Amino acid sequence: MPENKRAPLKMIAQEVEERHLSFASEKKLSQFLHSVNGAVSPLGLLFDTGKNVQLIIDRQIDPKEKIGFHPNRNDKTLMFNFVDFLTFLKKINHSPKYIDT
C-alpha cells in the first residue's frame, strides 16, 4: 500500500477470509521467507516455494511508479519499477491478491 496509509488489518483479514491477522513468528519468517523481524520483504517470496504466504497489494499503488523494498535486511532499500516487480512475481509463480483499502 502507499507509504502514507495505515493498514486496516481487520478489513484486510475479511478480504483474505481470515478471522484476524498477526505478525509471523521469527521461525515462520525464517522458514518461509528466509527473513527476520524488521527486514521482511516481498523479495523473500522467492523462497516461499510452498506458497504459504499471500502477497496483498493495494489497488491504489500506481503501476507506473517505482516501489522500494528492503532486500531482506533493513539497512538497504532496492527500487523497482512496479511492472518489473510484477514480472518477478510471475517468474516465481507467486500471484498477488489486489484489494481496495
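Numbering of residues begins at 1 and proceeds along the displayed sequence. The shown structure was predicted, so the numbers you read here are calculated from the model rather than taken from an experiment.
- Applying the 6.0 Å contact sphere to CZ of Arg59 captures more than 12 heavy atoms from other residues, nucleotides or ligands.
- In this structure, Ile57 and Ile99 have side chains that are not in contact, with every pair of non-hydrogen atoms separated by 4.5 Å or more.
- Each side-chain hydrogen bond (donor to acceptor under 3.5 Å, both in side chains) pair with one or both residues in residues 19-32, not counting sequence neighbours, appears once here: Glu26-Asn37.
- Val40 and Ile61 fall within the same hydrophobic cluster, defined by Ile, Leu, Val, Met, Phe, Trp and Tyr side-chain heavy atoms under 4.5 Å apart, directly or through other members.
- Interatomic distance, CG of Asn93 versus CG of Leu46, reported as 12.0 Å (0.5 Å rounding).
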Check step by step if side-chain contact (heavy atoms from CB on, under 4.5 Å) holds for Phe80 and Leu78.
-> CA-CA 7 Å; Phe80 297 89; Leu78 299 175; 3.7 Å; yes

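- Distance CG/Asn52 to CZ/Phe47: 14.5 Å, rounded to 0.5 Å.
- Judged as a ring pair (Phe, Tyr, Trp, His ring centres under 6.0 Å), and not counting sequence neighbours, Tyr98 has no contacts.
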Only distances under 3.5 Å count here; give the side-chain donor-acceptor pairs of residues 62-77 to other protein atoms, sequence neighbours excluded, each with its distance to 0.1 Å.
from  : atom 1 : to    : atom 2 : distance (Å)
Asp62 : OD1    : Lys64 : N      : 2.9
Lys66 : NZ     : Asn81 : OD1    : 3.2
His70 : ND1    : Lys76 : O      : 2.8
Asn72 : ND2    : Leu33 : O      : 3.2
Asn72 : ND2    : His34 : O      : 3.4
Arg73 : NE     : Asp75 : OD1    : 2.7
Arg73 : NH2    : Asp75 : OD1    : 3.2
Arg73 : NH2    : Asp75 : OD2    : 2.9
Asn74 : ND2    : Gly38 : O      : 3.3

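- Counting heavy atoms from C-beta on, the side chains of Leu55 and Lys97 never come closer than 4.5 Å.
- The ring pair (Phe, Tyr, Trp, His ring centres under 6.0 Å) search around Phe32 returns none, not counting sequence neighbours.
- You'll find the side chain of Leu89 reaches within 4.5 Å of the side chain of Pro96, heavy atoms only.
- Between His94 atom NE2 and Leu86 atom CG the span is 14.0 Å, to the nearest 0.5 Å.
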Please list, one pair per line, the donor and acceptor atoms closer than 3.5 Å that link side chains of residues 9-18 to other protein atoms, with sequence neighbours excluded.
none

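- For Phe88, there are no ring pair (Phe, Tyr, Trp, His ring centres under 6.0 Å) partners at least two apart in sequence or on another chain.
- Without hydrogens or angle criteria, Lys5 side chain to Thr101 main chain gives a donor-acceptor distance under 3.5 Å.
- Ile56 and Leu29 fall into different hydrophobic clusters, defined by Ile, Leu, Val, Met, Phe, Trp and Tyr side-chain heavy atoms under 4.5 Å apart, directly or through other members.
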